[in-house]
Visitor: 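Provided herewith is a single structure, encoded as C-alpha cells, for subsequent inquiry.
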Number of protein chains: 2
Amino acid sequence: MANPSAATPQPLTPDEEALVRALGQVMHVLPRAIDADMVGDRQLPLTEYTALMNLSETPDRRMRMNELAALCHLSLSGMTRTIIRLETQGLVRRERCEEDARGWNAVLTDAGYARLQESWPSHLAAVRRRFLQHFEGLDLAQLTRAFQGAGTAEPTD
Amino acid sequence: MANPSAATPQPLTPDEEALVRALGQVMHVLPRAIDADMVGDRQLPLTEYTALMNLSETPDRRMRMNELAALCHLSLSGMTRTIIRLETQGLVRRERCEEDARGWNAVLTDAGYARLQESWPSHLAAVRRRFLQHFEGLDLAQLTRAFQGAGTAEPTD
DNA sequence: GATGTTTGCTTGACCAATCAAGCACCGGAT
DNA sequence: ATCCGGTGCTTGATTGGTCAAGCAAACATC
C-alpha cells in the first residue's frame, strides 16, 4: 500500500456489491448448468457444441484453427484439443490448408452437421430456461452493449 | 438451421441471439481478465481471494467447509484443495470443529487478513474497470435480480 | 450399547483448459 | 539458392476444477 489515495478507493455501493456477487454466481453456475443440461440430454458438451455451431455458420463448413479458436473463446491449443476430440467422434475432419501448408482447416462432416441439428433444440431450450427467461422485460440491446464492453480494460474517460 | 418436424422450437430473436453471444464472451473473458489483473498485480488468484474474502466477513474469521464452499460456488473437494493451497501459504489455518468432530473450520490467519487488505484495492479496481464501468446508468437492482435467477432451472410458469 | 446408516470432509482418478516449448513452413533479405 | 526471423499449429507439463470412493464421527434403532 504505497500510495494512500490508491490504497483507499471508494468502496462499492450496496447495489454494486450485490450485482458483482450475482454476476460471480452466474459466471460459475450458468456454463456448468447449460453444459450439464446438454451432456445429460445429448452427450455433447458446450465447448464441442460451440465449435460445431461456428463451423456450420461458415459457407463451406470449414475454418482455420486460429479463427475458430477466437470465435470459441479458446486458446489455440485448447481449440486443437477440442477438434481432436471431435475428430475421433467423426464429427469433424481436418484438411491441410491449400494456400498455406502450415495451416489446417477444421471441416464439419455430415455426421457433425447431423449431430448439431440433433442437439440444437436442446441447447436452445437450456439457454432460454437458464438465462433468457430471467431477462424478460429488460432492454436487451442496452444490456448487450454493456456486456460487449465488459472484460475489456477500456479507458475510463 | 431448418429442421421441419417436431424438434423446431422458435429460434432466438436477433436481440436474444446477440445477448447470448455477448454473455458467452463475458463469461469467458471477465474472470480471466480480473484474475490476470490480480495475479499480475498481487499474486493472488481470484478463487483464493474469494475464499479469504468470505472468511473475513464472518465475525470470528472462521467457517465450516461446506458453508464456505457454497459461498465460493465451489464443490466441496474444490474447496478443500483451495484451502490446502492457502494453508501452505500460511494464509489460513484449519481447526477441527468443536461441536462436531467430523467437521473442520477454515480460519483466516493474521497473515491472511493482511494479504486480503493488501489485495483488496486491486480487486476492486479490476472489478470497476472490467465490469461495473460498463453498466453505468443501468438499473443495477433489476439486473441483480435477473442474475440471481439465472443458472437456476426455475419453472417456466 | 452394538449395529447400520448418514454426514462431513478428504483423497484418487480424471478432464479440460492454460502456458511454454517445439516443429514445419513461409517469405523477405542477401 | 539459402538463410533466418516470423507464423500456424501441436505437444508436453501443469493447473484447477469435477465426480466417485473412502473414512471417521455422529446418530438413530434395536
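Labels below follow one simple rule: chain letters A, B, ... track the order of the sequence lines, proteins then strands, and each chain is numbered from 1.
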Visitor: Ignoring backbone atoms, test whether Asn66(A) places a side-chain nitrogen or oxygen under 4.0 Å from the OP1 or OP2 oxygen of dT7(D).
Guide: no
Visitor: My understanding is that only residues two or more places apart in sequence, or in another chain, count here; which of them pass salt bridge (Lys or Arg N to Asp or Glu O under 4.0 Å) with Asp15(A)?
Guide: none
Visitor: Indicate every side-chain donor-acceptor pair of residues 65-74 of chain A with a distance under 3.5 Å to a residue at least two apart or in another chain.
Guide:
none

Visitor: Can you sort out the partners of Glu99(B) under side-chain contact (heavy atoms from CB on, under 4.5 Å), two or more places apart, ordered by chain and number?
Guide: Arg64(B), Cys97(B)
Visitor: Tell me: CG of Asp100(A) to P of dG6(D), nearest whole Å?
Guide: 17 Å
Visitor: In whole Å, I'd like the distance from the CD atom of Glu98(A) to the P atom of dG8(D).
Guide: 17 Å
Visitor: Mind checking side-chain contact (heavy atoms from CB on, under 4.5 Å) for Arg62(A) and listing every partner two or more places apart, or none if nothing turns up?
Guide: Asp60(A), Glu95(A), Asn105(A), Val107(A)
Visitor: Report the residues that fulfil side-chain contact (heavy atoms from CB on, under 4.5 Å) with Ser75(A), sequence neighbours left out, ordered by chain and then residue number.
Guide: Ser77(A)
Visitor: In B/S/- notation, 5' to 3', how is nucleotides 11-24 of chain D contacted by protein heavy atoms closer than 4.0 Å?
Guide: BBB--SSBB-----
Visitor: Using distance only, find each side-chain donor-acceptor pair of residues 135-147 of chain A under 3.5 Å and give its atom names and separation, not counting sequence neighbours.
Guide:
residue: Asp139(A); atom: OD1; partner: Ala141(A); partner atom: N; Å: 3.2
residue: Asp139(A); atom: OD1; partner: Gln142(A); partner atom: N; Å: 3.1
residue: Thr144(A); atom: OG1; partner: Leu140(A); partner atom: O; Å: 2.7

Visitor: Roughly, in whole Å, what's the span from CD in Glu99(A) to P in dT7(D)?
Guide: 17 Å
Visitor: Between P on dT7(C) and CD on Glu67(B), what's the gap in Å once rounded to a whole number?
Guide: 18 Å
Visitor: With the threshold set at under 4.0 Å for non-hydrogen atoms, list the residues of residues 53-63 of chain B touching DNA chain C in residue-number order.
Guide: none
Visitor: Quick one: side-chain contact (heavy atoms from CB on, under 4.5 Å) partners of Pro45(A), sequence neighbours excluded?
Guide: Asp35(A), Val39(A), Glu48(A)
Visitor: Of Leu116(B), Thr109(B), Thr82(B), which meets side-chain contact (heavy atoms from CB on, under 4.5 Å) against Leu52(B)?
Guide: Leu116(B)
